[in-house]
A.B. asks: 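Let me give you the structure first, and then I'll get to my questions.
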Amino acid sequence: MSDLQLPHINYAALAPMLILFGAACAGILIEAFVPRERRYPVQLGLSLAGVVAAGVAVITQAGTRTITAGGAIAVDGPTVFLQGAILALGLVALLFVGERSLEAGGPFVAQAALIAGSEPDRRQVVRPGATEVYPLMLFAIGGMELFVAANDLLTMFVALEVFSLPLYLMCALARRRRLLSQEAALKYFLLGSYSSGFFLFGIALIYGFAGRVDFAGIHAAALGSDRSNALLYGGLALLSIGLLFKAAAAPFHVWTPDVYQGAPTPVTGFMAACTKVAAFGALLRVLYVAFDRVSWDYRPVLGVVAILTMLVGAVFAVTQTDLKRLLAYSSIANAGYLLVGVLAMSKDGLSSSMFYLVAYGFTVLAAFGTLTLVRDADGEANHLSRWAGLGRRSPVFAAAFTFLLLAFAGIPLTSGFTSKFAVFAAALDDGQTWLVVAGVITSMVLAFPYLRVVVMMWLSEPAESTPTVSIPGVLTSTGLAIGVAATLVLGLVPAPLLDLSTKAAEFVR
Amino acid sequence: MSAGQVALVATLAVPAVGASVVAALPSRADRAARLVGTVAAAVTLVVSAALYRPGDGGWFSFGPNPPAIRPWHDLDVSWASGLDLRFHLGVDGISYPLVVLTALLTLLCCGYTLWHVPDPGRGRLLTALLLAIEVGILGTFLALDLVLFFVFFEVVLLPMYAVIAVWGGPDRRHAARKFVLYTLLGSVLLLVGVFTVVSAAGTGDIVALTAANPLSRGTQLAAFTLLALGLAVKAPLWPLHTWLPDAHTEAPTVGSVILAGVLLKMGTYGLIRVAVGVAPEGARWAAPVVGSLAVAAIIVGSLVCLAQRELKRLIAYSSVGHMGFVMLGIATLTATGLQAALIGNVAHGIITGLLFFLAGAVKDRAHTGLLDDLGGLRERAPGLAGVLGFAAIASLGLPGLAGFWGEAFAVVGSLRRGGPLWSTLAAIAALGGALTAAYFLRLLRRVSHGPASPVVAAMPAGLARPELASWGPLVLLALAVGLVPALVLGMAHDPVQALTEVVNR
């Protein structure tokens, strides 16, 4: 009997994920051993330090192009770029999560599953200082890092679960509107489980077709296999359902508005920015690395999905009266624009999609960050009518939010324009004119809900009950400043990041 | 960087910086902020005027194949190399008059705002928005890259919306929304057109596209249709004009002046520089349609004006007719026609800017713009009535004043084009010119002559010095351009000649 051959592991390439998972485990120990009143600074410091350290580790791997851990993990240009993006966006999200000056004890409670309105639940709502959310954040970020680096379907599935489970939990932790928050979490959990089930079934079918689950193997099998193509297409369809669910593409989007609305706003921002990066990172890898040989077959189908997504997002955004739901539908529409970039199936498509993810991530984080500031006695005031006349009361705040909305609307000189331009140009170069036409038309439709908010803030008379804009703490101010600055800089001088994404746009197989 | 390139950048940077400074100043320093804005506008005017350097266009013109666009100053730097976006600015005889006109009108409007802020106050924000609009318009006139052109084209939209929606008349919200709806739709078509050209040609450089014409016939037809539709909304070409009367009527005085004076010119300028230059074959193909619509605009605009009962609305509809002449000039695709379009652009900017200033003055004094309630202005305020008479006569195209050249030579250009269609169009357009005279004389009869109506009798008589200061330059220019059209035509001659060669190649 020969010795068991252990796979070679390139620890330096895995360092970002190892650091994050290590920090997350340390966070759990802190929950157990550090006194309650000292947990917050320790946890927050540990999380920030963990994310920064992982970021440094990613930067040191900038030139790495390798497949390691027995073929389970690929560290290549897109991996490094997207991991860096997730960490940068995750860091900003952590700043919003860590904010405690807006609400006594922060926006989170400790136990997600207590029956809403019951005695213990009401006690925990007034008890300050739940810090469970930090290790959960770290696990989620770590899972996303793994998700975009996974080089076979099983690793990808494990990563999917690793980052999904903390997200389900975090959705239920809102301190205000407990019932809504729990409903959101349950909805997300149930539908997410279904989509995971689809994903797993897809893996089974693909394995049946190719006899392997690694992407290089699938790629090779797609060229010539004696098994039925039905297995391949069926498997790919089921895999796509799992991934498109996470990316919030129609018709797998129905969870998005409810979950975005119910989840604590910092978590919503985190989901909108980082989950999107992770989901599209994985989708790009699956489509570009494993299934590029059948792209002629799935492109029309995914093109229809993209158009449907853009339409649904844009049309339903028009009818929304709640800002969180409005941003949720806008995030759906943006998933459609990203799909346009993905379907370009070229190096430009890859790099422009990655650029889009970063640009959109910063803008959406800052937008949800601003939502946390507008409050009345019941917490955040997210109904559109409540924002009337806010421009009179807090012009600086309203100006910043207006700028973010203009970026969503794709007005030139914001990152929204450059990123949309990039994906549309890539798709046009590849002859996907129909997608671009649909994209341009829907982005015009989508401009109206944003403009309506702008009009509401600036041109309407303030009502009696107009909520106040809280003075943000250091963390939120920093996060907002980063988000707004990134939106502006990526609109004015997109070249450095575009160059970076172009340089990174090469998968290893 | 050469001095010319510095001036190009400064033309955009000065108002941009001015707008941010003005907006950032605290509200208690409102007057100081407006003053800062006016100074910024003045500096912009000086800098933009300094761009003047006509001549041979350098050694390019001696080559065997001189490019159709030979900018006096040229700045071409990479903006986002990954997307192949270039920051390409330049100025030549076609754009220079419009650049200076924009800077001048913005300065006059800022100066006017220094003196009089429309309700609900907050004049520094109005000044900042005016400067922001100026950045967009100047950028549109200076851009020599398609994408950059589109970017600046879009920059104008939202500040203008805000100006109408905040400082406008009683029905401002509706008018502002209509304005945004129409122009956004136009922008989308324009963007798709830009995409079509850029993806087919692989470059967005207007100079290169005009010189080489790399597009196939089919692409050119599609591109011209999209670009022209997008730009025609802005111009506006009948029947896409319906946003204009509302927006002009409801906008505050300074907003109307900028709207009519230079914002509309973005459409016609874009048509000449972008649509005709980039897709000449498409332009030749679509010329009869554009020409017919332009003549329809002239007739419809004049007829509506004859029945109009409100002062600002009348002037707004007169813009539809005047821009119809400009469009007709462009549609002929002859050197005469294009020259007529250029000078018509400038003249309309000067005269209609003045007319809107005057209409604003009348409405501010009489608190109504209904022609039925006005009358006898000559008795009560002879100075105001005199300037109004001058502006109306200039606008109806009396020889010797600025309005004449554009209208007359659009008709001449159309006749020179020959053929039954263009001759008919020329005849109908000439009839429209007569109608223009009719409705402006009707306007004068209703407003200036007759016994003073009660509202007119109650209004203050004198003219304020700031008013004179803001009208004076326009009166002088209307006279100067009328007497010496070479002021505009001289520098436009060479570029227009080069452009017609491209079109008729």
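Below, read A as the first sequence line, B as the second, and so on, with proteins coming before strands; counting in each chain starts at 1. Please read all numbers here as calculations on a predicted model, not as lab measurements.
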A.B. asks: What closest approach, in Å, do A:Ala495 and B:Trp79 show between heavy atoms, and which atom pair accounts for it?
C.D. replies: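 Nearest pair, atom of A:Ala495 first, then B:Trp79: CB-O, 3.6 Å.
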
A.B. asks: What's the spacing between A:Thr402 OG1 and B:Leu158 CG if we round to 0.5 Å?
C.D. replies: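 Spacing of OG1 (A:Thr402) from CG (B:Leu158) equals 10.0 Å.
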
A.B. asks: Which answer fits B:Arg122, side chain, backbone, both or neither, if we ask what part of it has an atom under 4.5 Å from a heavy atom of chain A?
C.D. replies: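 Interface part for B:Arg122: side chain.
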
A.B. asks: Tell me, for B:Val192 versus chain A, whether the close heavy atoms (under 4.5 Å) come from the side chain, the backbone, both or neither.
C.D. replies: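 It is the side chain, since no backbone atom gets that close.
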
A.B. asks: Can you name the one residue among B:Val188, B:Leu181, B:Leu191 that meets side-chain contact (heavy atoms from CB on, under 4.5 Å) with A:Met444?
C.D. replies: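 Passing option: B:Val188.
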
A.B. asks: Which bit of B:Tyr161 comes within less than 4.5 Å of chain A, counting heavy atoms only: side chain, backbone, both or neither?
C.D. replies: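 Looking at B:Tyr161, just its side chain touches chain A.
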
A.B. asks: Would A:Leu413 and B:Glu154 count as a side chain to side chain contact (heavy atoms under 4.5 Å, CB included) if you check the C-alpha gap in whole Å, the side-chain angles of each, and the deciding distance to 0.1 Å?
C.D. replies: CA-CA 10 Å; A:Leu413 306 184; B:Glu154 282 292 271; over 6 Å; no

A.B. asks: At a heavy-atom separation under 4.5 Å, does A:Leu492 approach chain B through its side chain, its backbone, both, or neither?
C.D. replies: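 For A:Leu492, the backbone is the part near chain B, not the side chain.
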
A.B. asks: Is it the side chain or the backbone of B:Leu185 that comes within 4.5 Å of chain A heavy atoms, both, or neither?
C.D. replies: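 For B:Leu185, the contact with chain A is made by backbone and side chain together.
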
A.B. asks: Answer yes or no: does atom NZ of A:Lys347 have more than 12 heavy-atom neighbours from other residues, nucleotides or ligands under 6.0 Å?
C.D. replies: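 Yes, NZ of A:Lys347 has more than 12 neighbouring heavy atoms, counting only those of other groups under 6.0 Å.
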
A.B. asks: By a 4.5 Å heavy-atom criterion (distance strictly below it), what part of A:Ala399 contacts chain B: side chain, backbone, both, or neither?
C.D. replies: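 No part of A:Ala399 comes within 4.5 Å of chain B.
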
A.B. asks: Quick one: sort the B:Phe195 and A:Phe424 rings into parallel, tilted or perpendicular, breaks at 30° and 60°.
C.D. replies: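 Perpendicular, since the angle between the ring planes exceeds 60°.
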
A.B. asks: Of all of A:Leu451, A:Leu497, A:Val455, which one pairs up most often with chain B through heavy atoms under 4.5 Å apart?
C.D. replies: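 Heavy-atom pairs under 4.5 Å are most numerous for A:Val455.
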
A.B. asks: With a 4.5 angstrom heavy-atom cut-off, which part of A:Phe417 approaches chain B: side chain, backbone, both or neither?
C.D. replies: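 Side chain of A:Phe417 only, per the 4.5 Å heavy-atom cut-off to chain B.
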
A.B. asks: Among B:Leu189, B:Val198, B:Val147, which has the most heavy-atom pairs under 4.5 Å with chain A?
C.D. replies: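 The answer is B:Val147.
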
